[in-house]
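A short write-up of the structure that comes next.
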There are 2 protein chains.
Amino acid sequence: MTQSEENYLKAIYHLTTITDTDVSTNAIAETMETKASSVTDMIKKLAEKDLVNYKKYQGVSLTVKGSLAAKMIVRKHRLWEVFLVEKLDFSWDEVHDVAEQLEHIKSEKLINKLADFLGNPTEDPHGDPIPDANGDVQKVEKQLLSELNIGQNGICVGVKDTSSEFLKYLDKQKISLGSQIEFLEREEFDLSLKIKVDHTILSISNKIASNIFMKLN
Amino acid sequence: MTQSEENYLKAIYHLTTITDTDVSTNAIAETMETKASSVTDMIKKLAEKDLVNYKKYQGVSLTVKGSLAAKMIVRKHRLWEVFLVEKLDFSWDEVHDVAEQLEHIKSEKLINKLADFLGNPTEDPHGDPIPDANGDVQKVEKQLLSELNIGQNGICVGVKDTSSEFLKYLDKQKISLGSQIEFLEREEFDLSLKIKVDHTILSISNKIASNIFMKLN
DNA sequence: AAATATATTTAGACTACACTAAAAATAAGT
DNA sequence: ACTTATTTTTAGTGTAGTCTAAATATATTT
């Protein structure tokens with residue numbers, strides 16, 4: 001399997017997990033920053049290898065085989081992210097590009113030994129689940145901070161947007177995985193939220209709040 | 001720089017360090033298991049980028065720029081080997097293929113943080129020197145076990161052949177980096193050597209002995 | 001339901017890298 | 001020195017992956 005094929009599988013996998021329907025050619029092209037015609041070409045190749053189900057003009061879905069392959073790539077990506085943050089002291093906004101490369105290293109032994117070395121973590125530094133060696137993904141129940149009711153509180157268990165800009169903003173506000181957060185008040189004018197993080201009170205926009213995953217206490 | 005370009009640079013670098021002259025097209029083709037015509041193509045590309053000096057039919061040598069690039073690749077390869085052996089518990093015969101992939105990961109930050117994490121080692125698991133971040137390589141003085149005089153002793157500081165078969169043989173004989181070895185006797189009939197390793201006496205062929213690097217006490 | 005807009009696929013071209021076969025240059029043998 | 005052998009380069013081809021532009025299918029609007 002080439003790196004390019006792996007990248008397509010991963011993109012299809014991610015799109016599938018958020019929309020839960022067949023994935024369109026254009027959607028793939030957009031997330032991969034490539035052209036629809038290139039996507040069509042690659043889809044045919046993946047279909048040929050029985051990694052995706054494809055009927056012309058109808059979008060694609062992953063086969064069992066393709067889904068497993070995709071999960072193995074995600075597993076590698078997220079394990080490497082843990083390594084970078086926990087062992088090499090990267091911050092959570094710096095890991096993506098490097099993990100994007102490391103995920104393509106081919107060695108079963110390597111990835112399983114790496115998992116052991118890291119203590120078989122089940123989540124990456126952004127709170128996303130790490131598929132195990134069989135491809136099983138543990139679902140974490142979580143909800144967006146923006147969807148809590150006033151007075152509810154819990155801990156931050158993940159982020160939806162993992163862009164460097166957003167993560168740096170969170171660092172600045174001292175919000176990280178595990179932060180205790182209480183939803184105090186909603187400002188109706190701009191929908192911003194007043195929250196208490198650990199022991200400080202601050203105001204965040206609704207956009208920010210809708211990119212933070214919480215687990216209620 | 002593509003992976004292919006990196007692989008060519010590395011091959012030229014290695015050939016240069018052993019022969020210390022301009023490198024022939026055929027020599028490159030052989031070590032890279034490819035065809036001479038492919039080598040010619042790539043050499044032109046590398047020359048274009050000012051990574052090698054090239055005059056038709058005259059062989060190639062690395063420019064300063066090319067040499068530095070090659071040393072950075074070697075640095076990455078060997079640091080990853082240390083990581084695999086020291087942290088992930090690979091044996092020294094298993095690391096090569098994986099390091100061959102890892103050496104192409106592009107991130108200054110990653111490799112320098114990795115070096116720190118490993119304690120800035122100066123040698124890889126086979127005793128080969130690891131270039132530092134500036135490309136400086138510390139030369140280790142060493143000589144082949146096969147070239148010692150009877151009665152001399154020292155410690156094993158490296159191997160010339162790093163093939164899996166050879167390394168497994170050494171494991172079986174309990175010879176590793178740091179082993180105390182004394183050259184006891186030469187069998188004139190087949191040139192085999194009687195040696196004492198740590199505390200056991202054994203006989204090894206001249207071929208074996210000519211692939212073990214020693215540092216005299 | 002026809003017309004228009006959008007999404008998708010096809011056709012053809014381009015780059016990187018490899019290959020085979022043939023040509024040209026260098027090296028070796030008598 | 002000249003013939004032969006070897007090495008190296010060139011010329012032409014193939015595959016993977018990308019692109020643009022044109023064609024075709026599906027969706028949307030009136």
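All chains are named by letter (A, B, ...) in the order of the sequence lines, taking the proteins before the strands, and each is independently numbered beginning at 1. In this text the structure is predicted, and so the values were computed from the model without any measurement.
- Residues from residues 2-15 of chain B with heavy atoms under 4.0 angstrom of DNA chain D: there are none.
- Straight-line distance from the CD atom of A:Gln58 to the C1' atom of D:dT26: 8 Å, rounded to whole Å.
- B:Glu81 is listed as a side-chain neighbour of B:His126, based on a closest heavy-atom distance under 4.5 Å.
- No engagement by B:Lys55 is indicated, since no non-hydrogen atom pair under 4.0 Å with the nucleic acid exists.
- At whole-Å resolution of the value, CE in A:Met1 and P in D:dA16 are 15 Å apart.
- By the 4.0 Å N-to-carboxylate-O rule, B:Arg78 lies too far from B:Glu103 to be salt-bridged with it.
- Near DNA chain D, meaning a heavy atom under 4.0 Å from it, residues 18-27 of chain A has no residue at all.
- Separating the CG atom of A:Leu46 from the C1' atom of D:dA16 is a distance of 13 Å, rounded to the nearest angstrom.
- Side chain to side chain, A:Asp116 and A:Asn112 fail the donor-acceptor criterion of an N or O pair below 3.5 Å.
- With 3.5 Å as the limit, one finds a donor-acceptor pair spanning the side chains of A:Ser192 and A:Asp190.
- Side-chain atoms of A:Asn149 and A:Arg186 form no donor-acceptor pair, as typed in the model, at a separation below 3.5 Å.
- Rounded to an integer number of Å, the gap from B:Glu48 CD to C:dA16 P is 11 Å.
- Rounded to a whole Å, the CD1 atom of A:Ile28 is 12 Å from the P atom of D:dT18.
- Residues from residues 31-41 of chain B lying near DNA chain C, meaning a heavy-atom separation below 4.0 Å, are B:Thr34, B:Lys35, B:Ser37, B:Ser38, B:Asp41 in numerical order.
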For this session: Go through the steps to decide whether A:Lys109 and B:Glu94 satisfy the test salt bridge (charged side-chain N to carboxylate O under 4.0 Å, His left out), and finish with yes or no.
Result: CA-CA 10 Å; A:Lys109 184 167 214 156; B:Glu94 297 174 315; 2.5 Å; yes
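- Side-chain contact of B:His77 with B:Asp124: a donor-acceptor pair under 3.5 Å is absent, judged by distance alone.
- Judged by distance alone, the side chains of A:Asp171 and A:Trp92 do bring a donor and an acceptor atom under 3.5 Å apart.
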For this session: Could you walk me through whether A:Glu6 and A:Lys106 pass the salt bridge (charged side-chain N to carboxylate O under 4.0 Å, His left out) test, one step at a time?
Result: CA-CA 11 Å; A:Glu6 291 189 343; A:Lys106 281 157 191 60; 3.3 Å; yes
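- Between B:Tyr54 and D:dT9 there is a side-chain N or O to OP1 or OP2 distance below 4.0 Å.
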For this session: For B:Asn53 and B:Ser61, run side chain to side chain donor-acceptor pair (under 3.5 Å): C-alpha distance rounded to whole Å, both residues' side-chain angles, the deciding distance at 0.1 Å, then the answer.
Result: CA-CA 5 Å; B:Asn53 304 115; B:Ser61 60; 3.2 Å; yes
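- Distance CD1 (B:Ile43) to C1' (D:dT10): 14 Å, rounded to an integer number of Å.
- Side-chain N/O atoms of A:Lys56 include none lying less than 4.0 angstrom from OP1 or OP2 on D:dT24.
- No side-chain N or O of A:Arg75 forms a donor-acceptor pair with one of A:Asn134 less than 3.5 Å apart.
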